[in-house]
Q: 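After the C-alpha cells below, expect a handful of questions from me.
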There are 2 protein chains.
Amino acid sequence: MKRPTIADIARRAGVSKGAVSYALNGQPGVSEATRQRIVAIAQEIGFNPNSAARALSGASARAVGLTLCRPARILGIEPWFMGLISGFEAELSARSYALTLQVVATPELEVEVYRRWWGERRIDGVIVTDLRENDIRIPVLQQLQLPAVVIGGPGETGTIAQIWSDDAGAITEAVRYLVALGHRRIARVSGLPGLLHTQTRTRAFNDICSSLGLEANTVPSDYTGEEGSRATRRLLIDSDRPTAIIYDNDVMAVAGLAVAQEMGLAVPGDLSIVAWDDSPLCSLVHPPLTALTRDIAEYGAHAARELLASIDGKQVSNVEAGTAHLTPRGSTAPPR
Amino acid sequence: MKRPTIADIARRAGVSKGAVSYALNGQPGVSEATRQRIVAIAQEIGFNPNSAARALSGASARAVGLTLCRPARILGIEPWFMGLISGFEAELSARSYALTLQVVATPELEVEVYRRWWGERRIDGVIVTDLRENDIRIPVLQQLQLPAVVIGGPGETGTIAQIWSDDAGAITEAVRYLVALGHRRIARVSGLPGLLHTQTRTRAFNDICSSLGLEANTVPSDYTGEEGSRATRRLLIDSDRPTAIIYDNDVMAVAGLAVAQEMGLAVPGDLSIVAWDDSPLCSLVHPPLTALTRDIAEYGAHAARELLASIDGKQVSNVEAGTAHLTPRGSTAPPR
DNA sequence: AGAATTTACTGAACCGGGTAAGTTGTGGTG
DNA sequence: CACCACAACTTACCCGGTTCAGTAAATTCT
C-alpha cells in the first residue's frame with residue numbers, strides 16, 4: 001500500500017506541492033479556505049509527512065537519543081532507568097519527538113554510538129547519564145557540537161547543560177535522622193565509585209559524619225544486588241557491626257535486607273536500613289524500606305525539556321532539580 | 001561544524017557521487033583500488049551516511065519500533081521489559097538497526113503511534129507485546145502492511161508472525177512439583193486477565209488441577225506489587241488458606257512474600273511461593289524465590305531476528321521459543 | 001585485427017518534503 | 001487610467017544519498 005505524499009494531496013486539491021506544504025505547516029501563502037480544504041484532504045487520506053524527507057531538508061530529525069551503559073543483568077531490575085525513560089517520554093511525545101534507545105557495554109562504545117547517530121543525523125540531541133570523572137564523552141560531545149543534557153553531576157562539562165539533584169543534602173538528612181534515632185555506627189554501601197554523583201554522596205557522607213563525630217564507613221559497590229549482598233555481609237560479620245546502613249539504590253537495599261534476615265538480624269531492631277531512590281520495590285518488601293524519595297520521572301521530564309530547549313538553540317544553564325527527601329517506613333527505628 | 005557528505009568525498013577523490021555510493025556500499029561498478037581510496041577518505045573525514053537521505057531513496061529507515069503499554073508506575077520495576085529490550089538490542093545493533101521507543105497509555109494510542117511511525121517512515125517494523133483477545137492492533141497492522149512480530153500469544157494474528165513460550169508446560173511443571181512436595185491447596189495470582197498468555201496459563205492451570213483432583217483457585221491481578229499484595233491477603237485470610245501460591249510475575253511474588261511475612265506466616269514452612277519470570281529480584285529476597293526461569297533476553301533476541309527477517313521480505317512462521325523451566329530455591333518446601 | 005563484451009566510471013533523475021523567487025490576479029490610490 | 005501593493009499561488013531548486021542509462025577505455029574472443 002502506497003503511503004500518501006504531499007504530491008497526492010496537491011493533485012486532489014488541484015494546487016501545487018508548495019501550497020500544500022504551506023497549508024500544512026501553518027505558513028502564510030495560502031488562503032484560509034484553501035488551507036482548510038488541504039487539511040481536510042490530508043486528514044481523510046491519513047497523511048503523515050515522511051520524516052526522512054523532512055529531516056533531509058529541514059535538518060531536524062525530531063528524535064533524541066539515549067544510551068544505557070550498564071550490564072544488561074542490572075538494567076533489568078533497576079527501576080531508575082525506566083522511571084527516567086517514562087519521564088523523558090512524557091515530555092518528548094508531547095512535542096512529538098521520538099526516543100531512540102541503545103544499550104552499550106562501555107563508555108567508548110557509547111561515544112561511537114553518539115558519533116554515528118549524529119553523523120547519520122538520526123537524532124537532534126542526546127541525554128547523557130552517569131557522569132564520571134574526566135568523562136571521555138564530554139569532549140566528544142563538544143567537538144561534535146551535539147546538543148546534550150547531562151544527568152548525574154555536578155561536574156566539569158564546559159558548555160553542556162547539566163541537571164542534578166541535591167544528593168549531599170539528602171544524605172545529610174538521612175544521617176541526621178538516623179543519629180536522632182540514636183544510631184552511632186552508620187555505614188554506607190555505595191554505587192559505582194567512578195560516578196560523580198557517588199563521589200558527591202561520599203564526600204557529603206564523610207562531612208556530616210565527621211561533623212557529628214562519627215566514623216564514616218563507606219563500602220563501594222556497583223548497584224547490583226549481588227554486590228549489595230556481599231558488601232552487607234562484610235559489614236555485618238564485623239564485631240562492632242553498624243546499627244544502620246544507607247544504600248545508594250533500592251536494589252542493593254533490598255538485597256541487604258535479605259542478608260540481614262538470613263543472618264538472623266531483625267530489621268529494624270538490630271539493623272536499620274535506608275534506601276536511595278524510592279521505588280515500588282521499597283514498599284513491596286517486609287518491612288517496607290525507609291527511602292530517599294525523589295520524583296525520577298519528573299527529573300527525566302525536566303532533562304528532556306532542557307534538551308529540547310537546547311536543540312531549539314536556547315541557552316540552557318545548569319539546574320538542580322528533584323531534591324530527594326526522606327520517606328520513613330518500617331526499616332528504621334532506634335537501635336536496641 | 002558541517003558534517004561530511006558523499007559529495008565531499010567525491011570531490012576529494014576526484015570521482016562522481018555515484019562512484020562513492022557504489023564504493024561505500026560494496027556494489028560493483030568501481031575498481032578495487034578506487035574503492036579503497038574512497039573508503040580511506042571516508043574513514044579519515046569521519047563520514048556517516050545521512051540516514052534521512054538513505055531512507056528517502058532506499059525506503060528502509062533502519063529502525064524498528066517498540067511501544068510499552070503499561071502504566072509508568074509498574075514499568076519501572078518490571079524486569080521483563082528491560083530484559084526484552086536488551087535482547088532486542090543485541091540483535092538490532094549487530095545489524096545497526098536503531099530501536100525507537102514510546103510509552104503509551106492505551107492500545108488505542110498505541111495504534112495511533114503505529115500509524116504515525118509507519119506514515120512518517122520512521123520505522124521498518126514493530127514488535128508487539130501483550131497480545132489480547134480480539135486485539136485491535138492486529139487488523140491495523142495488517143491494513144498498514146507494517147512488518148511486525150507479536151510476542152505473547154498464541155492467538156489469532158493472521159499473517160503476522162508470533163513468538164511465544166510454552167507457558168502451559170511451565171505451569172504444569174510447577175503444579176506437579178508442588179503436588180510432589182505434598183501440597184493440595186495451590187492458588188494462583190494471575191496477571192491481567194485480558195492478555196492471551198494469561199488465559200493460556202489459566203486454562204493450563206485449571207487442566208492440571210482438575211486432572212490431579214485439586215481445586216483451581218486463580219485470583220486475577222494486574223502484575224503490580226500493590227495488586228499482588230491485595231490478592232495475597234485475600235487468599236491468606238481464608239480459613240482453609242492455600243499452602244502454596246504461584247504468581248504470574250516476580251514483582252507480585254515478592255509482594256506476596258512480604259504479605260506472608262507481615263502476617264506472621266513462615267515461608268516456605270506455612271506457605272510456598274513460586275514466581276513466574278525469574279529475575280535477580282527473585283534471588284535478592286529472603287528466602288530466595290523458586291521461579292519459572294526463562295531467558296527473556298534470548299526471547300527478545302529471537303523476536304528481533306524474526307522481525308528483521310520479515311522486514312527483509314522473508315516469510316516468517318510462528319515459533320515457540322524460550323520455554324520456562326523450574327528453578328527451585330528456598331521459597332518452596334513440603335507443607336507443615 | 002576487428003568485433004563483442006566487460007570494466008569503470010559519469011551524469012542525471014529520483015525519493016518527498018521545504019522554501020526562495022517568480023507570476024498571476026485583485027483592489028486601492030493618486 | 002496607470003501604478004503600486006499585496007495576497008495567493010506556482011515554479012524550481014535544495015537536502016544527500018541511490019540507481020539507472022549512457023560512455024569511453026580495457027579486455028576478451030574469433
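Naming: A, B, ... by sequence-line order, numbering from 1 per chain. What you see is a predicted model; the values in this text were computed from it and never measured. All values below come from the heavy atoms of this structure, side chains included, with hydrogens, waters and symmetry mates left out.
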Q: List the residues meeting side chain to side chain contact (heavy atoms under 4.5 Å, CB included) with Ser317(A), not counting sequence neighbours, and say none if there are none.
A: none

Q: Around atom CD of Glu108(B), are there more than 12 heavy atoms from other residues, nucleotides or ligands closer than 6.0 Å?
A: yes

Q: If you fit an axis to the five pairs at each end of the helix from dA1(C)-dT30(D) to dG30(C)-dC1(D), how big is the angle between those two axes, to 10 degrees?
A: 50°

Q: Does CG belonging to Asn134(B) count more than 12 external heavy atoms closer than 6.0 Å?
A: no

Q: Among residues 22-36 of chain B, which contact DNA chain D at a heavy-atom distance under 4.0 Å?
A: Tyr22(B), Asn25(B)

Q: Kindly indicate whether the side chain of Trp117(A), heavy atoms from C-beta on, has any atom under 4.5 Å from the side chain of Leu146(A).
A: no

Q: Cation-pi check for Tyr299(A) against Arg294(A): NZ or CZ below 6.0 Å from the six-membered ring centre and within 45 degrees of the axis, yes or no?
A: yes

Q: For Arg122(A), what residues pass the side chain to side chain donor-acceptor pair (under 3.5 Å) criterion, not counting sequence neighbours?
A: Glu120(A)

Q: Is there any salt bridge (Lys or Arg N to Asp or Glu O under 4.0 Å) pair reaching into residues 38-51 of chain B, and which pairs are they, with sequence neighbours excluded?
A: Arg12(B)-Glu44(B)

Q: Please state how far atom CG in Asn50(A) lies from atom C1' in dG17(C), giving the value in whole angstrom units.
A: 8 Å

Q: Going by atom type alone, with no hydrogens or angles, which donor-acceptor pairs under 3.5 Å involve a side-chain atom of residues 87-102 of chain B and a protein atom two or more places apart or on another chain?
A:
from: Glu91(B); atom 1: OE1; to: Arg305(B); atom 2: NH1; distance (Å): 3.2
from: Ser93(B); atom 1: OG; to: Glu89(B); atom 2: O; distance (Å): 2.8
from: Arg95(B); atom 1: NH2; to: Asp312(B); atom 2: OD2; distance (Å): 3.2

Q: Going by number, which of residues 4-21 of chain B have a non-hydrogen atom under 4.0 Å from DNA chain C?
A: Gly14(B), Val15(B), Ser16(B), Ala19(B)

Q: Name all residues meeting the salt bridge (charged side-chain N to carboxylate O under 4.0 Å, His left out) criterion together with Asp295(B); count only those two or more places apart in sequence or in a different chain, and write none if there are none.
A: none

Q: Please list, by residue number, the residues of residues 38-45 of chain B whose heavy atoms come closer than 4.0 Å to an atom of DNA chain C; answer none if no residue qualifies.
A: none

Q: Who pairs with Asn48(A) by side chain to side chain donor-acceptor pair (under 3.5 Å), at least two apart in sequence or on another chain?
A: none

Q: Tell me whether Trp118(B) contacts the main-chain N or O of Leu144(B) through its side chain, where contact means a donor paired with an acceptor under 3.5 Å.
A: yes

Q: Show me the side-chain donor-acceptor pairs of residues 26-37 of chain A shorter than 3.5 Å, one per line, residues at least two apart or across chains.
A:
from: Ser31(A); atom 1: OG; to: Thr34(A); atom 2: N; distance (Å): 3.3
from: Ser31(A); atom 1: OG; to: Thr34(A); atom 2: OG1; distance (Å): 2.8
from: Arg35(A); atom 1: NH1; to: Ala23(A); atom 2: O; distance (Å): 3.1
from: Arg35(A); atom 1: NH2; to: Gln27(A); atom 2: O; distance (Å): 2.9
from: Arg37(A); atom 1: NH1; to: Ala13(A); atom 2: O; distance (Å): 2.8

Q: Of all nucleotides in DNA chain D with an atom under 4.0 Å from a non-hydrogen atom of chain B, which is the first and which the last going 5' to 3'?
A: dG16(D) to dC20(D)

Q: Is the side chain of Ser21(B) donor-acceptor paired with the backbone N or O of Lys17(B) at a distance under 3.5 Å, no angle test?
A: no

Q: State, to 0.1 Å, how close Pro147(B) and Ser310(B) come at their nearest heavy-atom pair, and which atoms those are.
A: CB-OG, 3.8 Å

Q: Distance-only, no hydrogens or angles: does the Thr67(A) side chain make a donor-acceptor pair with backbone N or O of Cys69(A) under 3.5 Å?
A: no

